[in-house]
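Remember, it's a predicted structure, so these values are computed and weren't measured experimentally. We number each residue from 1, following the sequence as shown.
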Amino acid sequence: MLKKNALVLLGGLIGLLLSPGPAFAQQTPPLQGLFADNFTFLTPPIPAPLEVFQDLKGGRVRLADFEGRVVLLNFWATWCAPCIREMPTLDNLQAGLGDEGLAVLAVSIDGAGPEVIAPFAKRLKLEHLGLYHDPKGALFKAFAVASLPTTFLIDRQGRILGGLAGSAEWDTPEAVEFLRYYLRGGKSEAAAQ
């Protein structure tokens, strides 16, 4: 019962997080471009859920497996037109920032799983992106995702910092600088030098 109550609380908090309205006040990087209007922060950050999802070979994965890296967790599906448009930008982002400690996790909710995800990735030439599947919808439900695509930012300690409902161009200079802020440990570029 405690686990169920914790999930309900987490779902409510994340639902609040992605609801329209003013962003929570917290020390954050200056947001520019579409991120300024669409990214919402969760203050205080909360621990990411422990639900299991799968890699495309059926291996069990948890968000805790990525602790120590900044994670951009994207929920998507092969039949979702906005998801399809943003996937190449997520792939470019992983190619550009993966060596700096970013892990872009694209978690599909497709019912057919790897049988449709792998050919989709090949067709779009997604070569750098971490592709995963949530066969039981456990992670999707734990994050209380209401629409696709939806993306969450998780810090190196495994805490959800905020999220963005809807598609974005993740490889723009504004998005890259926004994520580099967290890759530098929450420091501006000038402070990191």
Side-chain angles (χ1 to χ4, degrees), residues 10-49 51 53 63 66 69-98 100-109 124 126 128-132 134 137 139-184 186:
L10 175 63
L13 288 172
I14 292 172
L16 176 64
L17 159 77
L18 296 178
S19 297
F24 293 99
Q26 117 179 6
Q27 186 174 354
T28 59
L31 291 173
Q32 299 175 359
L34 292 176
F35 290 94
D37 294 331
N38 298 331
F39 193 90
T40 305
F41 291 95
L42 184 59
T43 302
I46 59 173
E51 276 65 29
F53 52 107
L63 291 171
F66 299 91
R69 301 190 78 185
V70 172
V71 172
L72 194 66
L73 174 67
N74 177 266
F75 290 97
W76 69 285
T78 59
W79 44 262
C80 164
C83 302
I84 295 167
R85 281 192 303 274
E86 95 175 336
M87 293 304 279
T89 71
L90 289 166
D91 191 62
N92 292 339
L93 182 68
Q94 180 62 53
L97 296 181
E100 295 180 38
L102 181 69
V104 180
L105 311 180
V107 179
S108 171
I109 64 161
L124 286 184
L126 304 176
H128 307 284
L129 194 55
L131 294 170
Y132 300 89
D134 188 14
L139 193 64
F140 183 82
K141 290 174 190 164
F143 273 89
V145 175
S147 64
L148 294 177
T150 295
T151 307
F152 294 92
L153 179 62
I154 301 169
D155 69 10
R156 293 182 191 272
Q157 293 76 42
R159 299 174 305 173
I160 304 167
L161 299 174
L164 188 149
S167 65
E169 291 185 33
W170 291 102
D171 56 354
T172 63
E174 296 87 3
V176 169
E177 185 53 35
F178 172 68
L179 293 166
R180 276 198 171 126
Y181 174 86
Y182 293 101
L183 292 168
R184 291 187 299 258

Enquirer: Using the test side chain to side chain contact (heavy atoms under 4.5 Å, CB included), find all partners of L148 that sit at least two apart in sequence or belong to another chain.
Expert: F75, A77, W79, C80, C83, I109, F140, V145
Enquirer: Run the side chain to side chain contact (heavy atoms under 4.5 Å, CB included) test on V176 and L93 for me, step by step, so that the C-alpha distance in whole Å, both residues' side-chain angles and the decisive distance to 0.1 Å come before the verdict.
Expert: CA-CA 7 Å; V176 169; L93 182 68; 4.0 Å; yes
Enquirer: Among I154, I160, V104, which residue satisfies the side chain to side chain contact (heavy atoms under 4.5 Å, CB included) criterion with L73?
Expert: I154
Enquirer: Out of curiosity, I84 CD1 to S167 OG, how far, rounded to the nearest 0.5 Å?
Expert: 11.5 Å
Enquirer: Which heavy atom of W76 sits nearest a heavy atom of L131, and at what distance?
Expert: CZ2-CD2, 4.0 Å
Enquirer: Which residues pass the ring pair (Phe, Tyr, Trp, His ring centres under 6.0 Å) test with F66, not counting sequence neighbours?
Expert: none
Enquirer: Given the rule in the side chain to side chain contact (heavy atoms under 4.5 Å, CB included) test, do F39 and L153 qualify, once you have shown the distances and angles that lead to the verdict?
Expert: CA-CA 10 Å; F39 193 90; L153 179 62; 4.0 Å; yes
Enquirer: Just wondering, do L139 and L63 contact through their side chains at under 4.5 Å, heavy atoms?
Expert: yes
Enquirer: Per the side chain to side chain contact (heavy atoms under 4.5 Å, CB included) rule, which among L97, T151, L105 passes with L72?
Expert: T151
Enquirer: Evaluate the ring planes of F143 and F152, with Trp represented by its six-membered ring, and classify them as parallel (under 30°), tilted (30 to 60°) or perpendicular (over 60°).
Expert: tilted
Enquirer: Are more than 12 heavy atoms, taken from residues, nucleotides or ligands other than E174, located less than 6.0 Å from that residue's CD atom?
Expert: yes
Enquirer: Tell me every residue that passes salt bridge (charged side-chain N to carboxylate O under 4.0 Å, His left out) with R159, counting only those two or more places apart in sequence or in another chain.
Expert: D155
Enquirer: Is a side-chain N or O of D91 found less than 3.5 angstrom from the main chain of L129, in a donor-acceptor match?
Expert: yes
Enquirer: Please check if the side chain of Y181 supplies one atom and the backbone of G186 the other of a donor-acceptor pair under 3.5 Å.
Expert: yes
Enquirer: Looking at every heavy atom in both R69 and G98, which two are closest together, and how far apart are they?
Expert: NH2-O, 3.0 Å
Enquirer: Please test R156 against L183 for side chain to side chain contact (heavy atoms under 4.5 Å, CB included), starting from the C-alpha separation and ending with a verdict.
Expert: CA-CA 8 Å; R156 293 182 191 272; L183 292 168; 3.8 Å; yes
Enquirer: Side chains of F178 and T172, heavy atoms from C-beta outward: is any pair under 4.5 Å?
Expert: no
Enquirer: Once you round to the nearest 0.5 Å, how far does CZ of R184 lie from CG of L179?
Expert: 10.5 Å
Enquirer: Under the side chain to side chain contact (heavy atoms under 4.5 Å, CB included) rule, collect the residues that match up with N92, sequence neighbours excluded.
Expert: D171
Enquirer: Closer than 3.5 angstrom, by distance alone: can the side chain of Q94 be matched with the main-chain N or O of L102 as a donor-acceptor pair?
Expert: yes
Enquirer: In sequence, state the C-alpha distance, the side-chain angles, and the governing distance for N74 and M87, and then conclude on side chain to side chain contact (heavy atoms under 4.5 Å, CB included).
Expert: CA-CA 9 Å; N74 177 266; M87 293 304 279; 4.3 Å; yes
Enquirer: Suppose we screen for side-chain hydrogen bond (donor to acceptor under 3.5 Å, both in side chains). Which residues come up paired with W170, at least two apart in sequence or across chains?
Expert: E86
Enquirer: My understanding is that only residues two or more places apart in sequence, or in another chain, count here; which of them pass side-chain hydrogen bond (donor to acceptor under 3.5 Å, both in side chains) with T89?
Expert: none
